[in-house]
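Each remark here refers to the structure printed beneath this line.
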Amino acid sequence: MAAVVSSSMPAVAVAASRVSETRSAKGGVQTVKAILNGPIRFGRKGGSSNASPSVAFASRGRSGSLGVTRRANSVVVRAAEGNGNGAAPTKPKRPEYIPNRIDDPNYVRIFDTTLRDGEQSPGATLTSKEKLDIAKQLKKLGVDIIEAGFPAASPDDHAAVSEIAKTVGNDVDEDGYVPVICGLSRANKKDIDASWSAVKHAKRPRIHTFIATSKIHMEYKLKKTEDQVVALAVEAVKYCRSLGCTDIEFSPEDAGRSEPEFLYRILGEVIKAGATTINIPDTVGITIPDEFGDLIAKIKANTPGADDVVISTHCQNDLGLSTGNSLAGAVNGARQIECTINGIGERAGNASLEEVAVALDLRGQDHMNGLFTGLSIEHISLTSRMVAEYTGMAVQPHKAIVGQNAFAHESGIHQDGMLKNKTTYEIIEPERVGIVRKDSAGIFLGKHSGRHALKTRLETLGVSLEGDELMEVFNRFKLVAEAKGGGVQDEDLFAILSDELYQPAELWHLEELQVVSGRTMPTATVKLVGPDGMPKVFCSVGTGPVDAAYKAVDMAMQIPVELLHFEMNSVTEGIDALAITKVIIRQANSELEVERKFQGSAADTDVIASSVKAYIHALNKLIDYVSKRRGMPSAFDGLGAEDTISTASQEFGAAHQTGELRRPRRHHNADGSHRRRELGTAAVRATIEWARTCDEPCRLTHARLGRWGIVTATEKGGLRESMPAARRTLSIVIVEGDREQT
């Protein structure tokens, strides 16, 4: 009887003696064939089955065929090749703990030594309370063995190991899981007594004893012969047995540089003495994966009694190969991997638990002969953060699995792919290791991000932009991203939107700004571009850099205003955060019927620039409002920059002094073009007020009417010493008068 199982069904149970399934997948056709006697259940992600035996369907890696691995309590359908989408498989049950053997030949025990080897990292000292907290979290993670410390090192360390043994070591789950609590000791009775007195309170206690076996260590550190070292190792294991300990781990320190024949000899002797786990440490991280894997295979093949114990690995990261070496060891027969959270430890650290765990979870079935662990990897992220916080050892941003950038994407090309299909650049879902992203695609907005990523993020925030508006915001976003080292946050985006889109018509804008402050007189120089497109430079002093800059703006725009309120806040954290400034002004000596207040805001990574932009923003609002109140065309639309000097004011501030401002009339030619037409009695003339700023006689060389009714003039001569340029540009006041004087 054959059954076809749909991938859209959460679970299908079929009573059959033979099942064939053919599925079409993106990577190709996958075929599952299983010969079973009993009910069959195909589970989806997170699915489980009470049926025994059960079939757990796993599809990972490249496309291809699926195979079947039969285990004691389950039949696991494993993907020899899958579609690389990082989907979570249904894992088989953790086998019952027996010290010297593992009933499921594909199960790999995880031995966590964060609290022992990890704490040996310089500056990573933990309190007893912190050790207990981490041990509880390691239990949630599901590690098989917790090496809680080195009890002989200090009374505090002994007390911490003892407390962990009493609490975490006796916290048995409903399924019978409880971690083994282990204490480290050198191969001497004093250390062993300390370890046993600390761990014996646990339901499953273990003593881990060691002695160096490399020639360099035996000669220079121990000053002992091979025979003496073997005798000490055997005596230590026998003494552990005499105390009543039945779970004993032995490590030949610096095994990576030890003579293989001597390793076979000493390991065979400690196995005869009663050791249940044989750990092979690459103490100085000298080996490479194929070399270390070969060492494990040879130890398994040449050590007397190796089949009666569990072989373990302990790889240091001096060459950055600890995870690779550990996995190579597992592929070649090791069934325990010693590692630490975040890879902390002596010198360059240890094999990283999160890397080992996810590698086995993601590739164990299809590339490592079905290897798996009992870890609940959804607790990895929280455990990593806890260890980083307690030890004070920050996780590097690009650290695999738990680093800040591990699931973040800044490149525009990558972001485009992620927005279309996450599997284009991610091999595992971050949620599977407990990482919850604000952005489901892991988009990190930085200077390399493209418009697609920005547009998508804005839409997530409820802002839809297209065309020119999107380009305006994108261009400003790029400038902010280049100035900020930590990426552009949502708060930054809102500030950019406010600064770029939610503004009045821009009559004046800040082109350049320079301030000098300190013990000397605070001085600010501003370069503004007005409605006529002509730049204007003014310099002023003040009580501080912001005050000086505001006074320089006042000199340029000549609008008498009162500053009622000034407020500045950081949009996000960090020294490179955007500063958002809010100001409130009102027109001084106002002839308006209502003394209206005008608010301005701006954002910039430069606090002075943010302050000046906010001030100009408020002034632009004031100008726009006044022009509308006086019945003028909004923003003087259509007034050409080359029109004859007509109705204008010095930066609009003199409007109430010179009478109503009027838009100039134009004469239309037959072909629809315009030509200049002098105004009659409404013509205006320029005053010579600008000459009052000269220190010596000077003459007007050019006058031009800007788009917004602003007149600019260029003078020659009479230059101040502080302005060495041959010419400078001023604004001149226009008052009613006859045409000849204009």
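Each residue takes its place number in the sequence, starting with 1.
The CG atom of L319 sits 8.0 Å away from atom OG1 of T287, with the distance rounded to the nearest 0.5 Å. Atom CZ in R385 sits 11.0 Å away from atom CG in N342 (nearest 0.5 Å). Here the CD1-CG distance, from I207 to L243, works out to 6.0 Å after rounding to the nearest 0.5 Å. The CD1 atom of I278 lies 11.0 Å from the CD1 atom of I296; values are rounded to the nearest 0.5 Å. Atom NE2 in H158 sits 10.0 Å away from atom OG in S154 (nearest 0.5 Å). With rounding to the nearest 0.5 angstrom, the CE atom of M218 is 11.5 Å from the CD atom of E253.
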Verdict with supporting geometry, V178 and N170, side chain to side chain contact (heavy atoms under 4.5 Å, CB included) | CA-CA 7 Å; V178 61; N170 285 280; 5.9 Å; no
Take I110 and I145 through the test side chain to side chain contact (heavy atoms under 4.5 Å, CB included) and record every step on the way to the result.
-> CA-CA 6 Å; I110 297 298; I145 302 100; over 6 Å; no
Verdict with reasoning, D254 to S214, per side-chain hydrogen bond (donor to acceptor under 3.5 Å, both in side chains) | CA-CA 6 Å; D254 201 18; S214 67; 2.7 Å; yes
Before giving the answer on side chain to side chain contact (heavy atoms under 4.5 Å, CB included), spell out for L371 and L327 the whole-Å C-alpha distance, their side-chain angles and the decisive distance to 0.1 Å.
-> CA-CA 10 Å; L371 298 183; L327 295 175; over 6 Å; no
Residues T277, I248; criterion side chain to side chain contact (heavy atoms under 4.5 Å, CB included); working and verdict | CA-CA 6 Å; T277 298; I248 303 164; over 6 Å; no
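Using a 4.5 Å heavy-atom cutoff, the side chains of I181 and P205 are not in contact. Looking at heavy atoms from C-beta onward, I380 lies in side-chain contact with I377 at the 4.5 angstrom threshold. Residues R116 and T113 are in side-chain contact: their nearest non-hydrogen atoms beyond the backbone lie under 4.5 Å apart. Side-chain contact between R186 and I211: absent, with no pair of heavy atoms (C-beta onward) separated by less than 4.5 Å. Contact annotation: the side chain of L138 approaches that of T383 to within less than 4.5 Å [non-hydrogen atoms, C-beta and beyond]. Side-chain atoms of N332 and K300, non-hydrogen and from C-beta on, never get closer than 4.5 Å to each other. E338 has its side chain within reach of E249: a pair of non-hydrogen atoms, C-beta onward, lies under 4.5 Å apart. Under the 4.5 Å side-chain criterion, counting only non-hydrogen atoms from C-beta, N325 is not in contact with T313.
Listed for the R241 side chain is a donor-acceptor partner under 3.5 Å among the backbone atoms of G274. T225 contributes a side-chain N or O that, together with a main-chain N or O of Q228, makes up a donor-acceptor pair within less than 3.5 Å. Remark: side-chain polar atoms of D173 are not paired, donor with acceptor, to backbone N or O of G176 under 3.5 angstrom. A side-chain donor-acceptor contact under 3.5 Å links R335 to the backbone of A330. Between the side chain of E378 and the backbone N or O of E431, no donor-acceptor pair lies under 3.5 Å.
When every heavy atom of E147 is checked against every heavy atom of L115, the shortest pair comes out as O-CB, 3.7 Å. Closest non-hydrogen pair, G345 versus N350, comes out as CA-ND2, 3.3 Å. In plain terms, the two heavy atoms of A198 and H201 that are nearest each other are O-CD2, 3.6 Å. Of all the heavy atoms in P151 and D157, the pair that sits closest is N-OD2, 4.1 Å. Residues P289 and A328 come closest through the heavy atom pair O-CB, 3.3 Å. Contact between F407 and I401 at its shortest, heavy atoms only, is CE1-O, 3.4 Å.
If you check the side chains of H314 and D117, you find a donor sitting under 3.5 Å from an acceptor. Under 3.5 Å, the side chains of Q365 and H367 contain no donor-acceptor pair of N or O atoms. D112 and T114 form a side-chain donor-acceptor contact under 3.5 Å, judged by distance and modelled atom types alone.
Between D193 and K189 no salt bridge is recorded (no basic side-chain N to carboxylate O distance below 4.0 Å). With respect to D103 and R101, a salt bridge is recorded, a charged nitrogen being found less than 4.0 Å from a carboxylate O. With respect to the salt-bridge test (charged N to carboxylate O, under 4.0 angstrom), the residues E235 and K238 do not qualify. Remark: K399 engages E354 in a salt bridge, criterion side-chain N to carboxylate O under 4.0 Å. Ion pairing between a basic and an acidic side chain is recognised when a charged N comes within 4.0 Å of a carboxylate O; E163 and K131 show no such pairing. Between R265 and D227 there is a salt bridge, since at least one side-chain N of the basic residue sits less than 4.0 Å from a carboxylate O of the acidic one.
For N317, the side chain to side chain donor-acceptor pair (under 3.5 Å) test picks out S322, with sequence neighbours left out. Looking at residues two or more places apart in sequence or on another chain, you find a side chain to side chain contact (heavy atoms under 4.5 Å, CB included) between R94 and Y107, D144, Y177.
For CD of E96, the number of neighbouring non-hydrogen atoms (other residues, nucleotides, ligands) closer than 6.0 Å is 12 at most. Within a 6.0 Å radius of CD1 in I288, more than 12 heavy atoms belonging to other residues, nucleotides or ligands are found. In this structure, K221 places its NZ atom where more than 12 heavy-atom neighbours from other residues, nucleotides or ligands lie under 6.0 Å away.
Checked options K136, R204, K139; the residue passing with D171 is K139 (criterion: salt bridge (Lys or Arg N to Asp or Glu O under 4.0 Å)). Of the options T340, I344, T125, a side chain to side chain contact (heavy atoms under 4.5 Å, CB included) to E119 is made by T125 and by none of the others. Residue H208 is tested with S195, S312, S251, S185 for a side-chain hydrogen bond (donor to acceptor under 3.5 Å, both in side chains); the sole match is S251. Test E259, K298, E269 against Y264 for side chain to side chain contact (heavy atoms under 4.5 Å, CB included) and you get one pass: K298.
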